[in-house]
*Asks:* 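The following block contains the structure, expressed as C-alpha cells.
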Amino acid sequence: MHIIGKAWGSTSLLYKSPLMEVHTLVIESNAFCSLHVHSIKNNSFFVFYGSLCIEIHKNSYDLVDNTFLKEGDFTTVTPGEYHRFIAGPTGAKALEIYHLEPLSEDIMRKDKGGPGIVDVT
C-alpha cells in the first residue's frame with residue numbers, strides 16, 4: 001500500500017477508476033484538513049475508528065453545518081460546497097470516497113423485488 005503523509009496524518013489510495021476513488025485516511029488527534037471544494041465530485045466519509053466532524057459551508061444559505069461521525073457512520077458532501085474534516089481527541093481512521101453523481105442514476109428495473117420464497121442453497 002502506498003502511503004502519502006499529510007499535515008493531518010496520512011492517506012492511501014485503495015481503488016481508482018474514471019468514476020470513483022477510495023482512500024484510507026489516518027487522521028491524528030484533533031487534526032484537520034484545509035477548507036476546500038470539489039467542482040464535480042461528491043466527497044463521502046465512512047469512519048472505522050474514532051470520530052470525525054465534517055464541516056460544510058452551505059451554498060444555499062449562510063451557515064456552516066457540522067456533521068459529527070462516530071464509528072460506523074457515513075456522510076456525503078455535494079460538489080460546490082466548501083468543507084473540511086476535523087478529527088476528535090482520539091484521532092480517526094476513515095474511508096474517503098470520491099464519486100460522480102451519474103452513478104446513482106444507472107439502474108433500470110425489469111420487475112420489483114419483495115418478499116418470497118427463494119431457495120438459495
Side-chain angles (χ1 to χ4, degrees):
M1 182 180 311
H2 183 71
I3 299 172
I4 299 171
K6 298 286 191 171
W8 42 261
S10 65
T11 182
S12 305
L13 178 65
L14 296 177
Y15 174 79
K16 183 176 182 177
S17 76
L19 299 176
M20 172 187 251
E21 284 185 25
V22 180
H23 299 257
T24 299
L25 305 179
V26 177
I27 308 160
E28 296 174 8
S29 172
N30 300 312
F32 56 93
C33 71
S34 62
L35 186 62
H36 64 283
V37 67
H38 305 283
S39 59
I40 62 169
K41 58 188 173 184
N42 292 283
N43 194 184
S44 297
F45 300 90
F46 175 83
V47 176
F48 287 114
Y49 168 82
S51 60
L52 206 55
C53 172
I54 309 299
E55 178 186 289
I56 305 168
H57 295 246
K58 303 304 285 183
N59 289 330
S60 55
Y61 48 93
D62 187 25
L63 185 66
V64 175
D65 281 344
N66 290 309
T67 301
F68 296 94
L69 306 175
K70 60 186 184 319
E71 295 173 21
D73 289 343
F74 178 85
T75 196
T76 299
V77 180
T78 57
E81 293 186 325
Y82 278 89
H83 61 284
R84 78 169 89 226
F85 58 75
I86 307 161
T90 61
K93 184 171 184 180
L95 278 184
E96 180 178 36
I97 305 162
Y98 298 114
H99 52 99
L100 301 177
E101 192 61 34
L103 289 175
S104 64
E105 302 298 323
D106 186 33
I107 188 167
M108 292 185 289
R109 299 183 191 282
K110 190 167 184 165
D111 62 7
K112 294 199 275 183
I117 300 172
V118 178
D119 184 7
V120 294
T121 57

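Please read all numbers here as calculations on a predicted model, not as lab measurements.
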*Asks:* May I ask you to decide if Leu19's main-chain N or O and Ser17's side chain share a donor-acceptor pair within less than 3.5 Å?
*Replies:*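 Yes, Ser17 side chain to Leu19 backbone: donor-acceptor pair under 3.5 Å.
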
*Asks:* Return the minimal non-hydrogen interatomic distance between Ala87 and Glu28, and the atom names on each side.
*Replies:*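 Residues Ala87 and Glu28, closest heavy atoms: CB-O, 3.4 Å.
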
*Asks:* Near Lys6 NZ, under 6.0 Å, is it more than 12 heavy atoms from other residues, nucleotides or ligands?
*Replies:*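 No, not enclosed.
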
*Asks:* Can you confirm whether the side chains of His36 and His83 place a donor and an acceptor under 3.5 Å from each other?
*Replies:*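 The answer is yes; a qualifying pair exists.
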
*Asks:* Ignoring hydrogens, what is the shortest heavy-atom contact between Ile3 and Ser12? Give both atom names and the distance.
*Replies:*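 Where Ile3 meets Ser12 most closely, the heavy atoms are CG1-OG, 3.4 Å.
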
*Asks:* What distance separates Leu100 CG from Glu21 CD, expressed to the nearest 0.5 Å?
*Replies:*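 One finds 10.0 Å between CG of Leu100 and CD of Glu21.
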
*Asks:* Quick check on Lys58: does its NZ atom have over 12 non-hydrogen neighbours (other residues, nucleotides or ligands) under 6.0 Å away?
*Replies:*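 Correct, the count exceeds 12.
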
*Asks:* Please report the closest heavy-atom contact between Asn42 and Thr78, naming both atoms and the distance.
*Replies:*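 Closest approach of Asn42 to Thr78: OD1-CA, 3.7 Å.
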
*Asks:* Decide yes or no for Leu13 and His2: does some side-chain heavy atom of the first lie under 4.5 Å from some side-chain heavy atom of the second?
*Replies:*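 Answer no - side chains too far apart.
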
*Asks:* I'd like to know whether CG of Leu63 has more than 12 heavy-atom contacts from other residues, nucleotides or ligands below 6.0 angstrom.
*Replies:*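 Counting neighbours around CG of Leu63, more than 12 heavy atoms of other residues, nucleotides or ligands fall under 6.0 Å, so yes.
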
*Asks:* So which of Asp65, Val64, Asp62 actually passes side chain to side chain contact (heavy atoms under 4.5 Å, CB included) with His57?
*Replies:*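 Answer after filtering Asp65, Val64, Asp62: Val64.
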
*Asks:* Hydrophobic clusters join Ile, Leu, Val, Met, Phe, Trp and Tyr when side-chain heavy atoms are under 4.5 Å apart, directly or via other members; which others share one with Val77?
*Replies:*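 Noted: Val77 shares its cluster with Trp8, Leu25, Ile27, Phe45, Val47, Leu52, Ile54, Ile56, Leu69, Phe85.
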
*Asks:* Evaluate His99 against Ser44 for side-chain contact (heavy atoms from CB on, under 4.5 Å), listing each step before the verdict.
*Replies:* CA-CA 8 Å; His99 52 99; Ser44 297; 2.8 Å; yes

*Asks:* Side chains of Pro79 and His38, heavy atoms from C-beta outward: is any pair under 4.5 Å?
*Replies:*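 Heavy-atom side-chain distance check fails, nothing below 4.5 Å.
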
*Asks:* Can you give me the closest heavy-atom contact between Leu14 and Thr24, atom names plus distance?
*Replies:*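 That would be CD1-OG1, 3.0 Å.
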
*Asks:* Under 4.5 Å side-chain heavy-atom separation, chaining through any Ile, Leu, Val, Met, Phe, Trp or Tyr, what else clusters with Leu35? Say none if it is isolated.
*Replies:*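 Members alongside Leu35: Val37, Tyr82.
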
*Asks:* List the residues meeting side-chain hydrogen bond (donor to acceptor under 3.5 Å, both in side chains) with Ser51, not counting sequence neighbours, and say none if there are none.
*Replies:*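 By the side-chain hydrogen bond (donor to acceptor under 3.5 Å, both in side chains) rule, Ser51 matches no residue at all.
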
*Asks:* Could you check whether any side-chain heavy atom of Glu71 comes within less than 4.5 Å of a side-chain heavy atom of Phe48, counting everything from C-beta outward?
*Replies:*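 Side-chain contact under 4.5 Å: no.
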
*Asks:* Measuring only between side-chain heavy atoms, which start at C-beta, is Phe68 closer than 4.5 Å to Asp73?
*Replies:*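 Side-chain contact under 4.5 Å: no.
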
*Asks:* For atom CZ of Phe46, decide whether the heavy atoms of other residues, nucleotides or ligands shown that lie under 6.0 angstrom number more than 12.
*Replies:*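 Atom CZ in Phe46 is packed in, count exceeds 12.
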
*Asks:* Measure across Phe74 and Thr76 and return the closest heavy-atom pair with its distance rounded to 0.1 Å.
*Replies:*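 The answer is CE2-OG1, 3.5 Å.
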
*Asks:* Give me the ring orientation class for Tyr98 and His23: parallel if the planes are under 30° apart, tilted from 30 to 60°, perpendicular past 60°.
*Replies:*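 Because their plane-to-plane angle is over 60°, the rings of Tyr98 and His23 count as perpendicular.
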
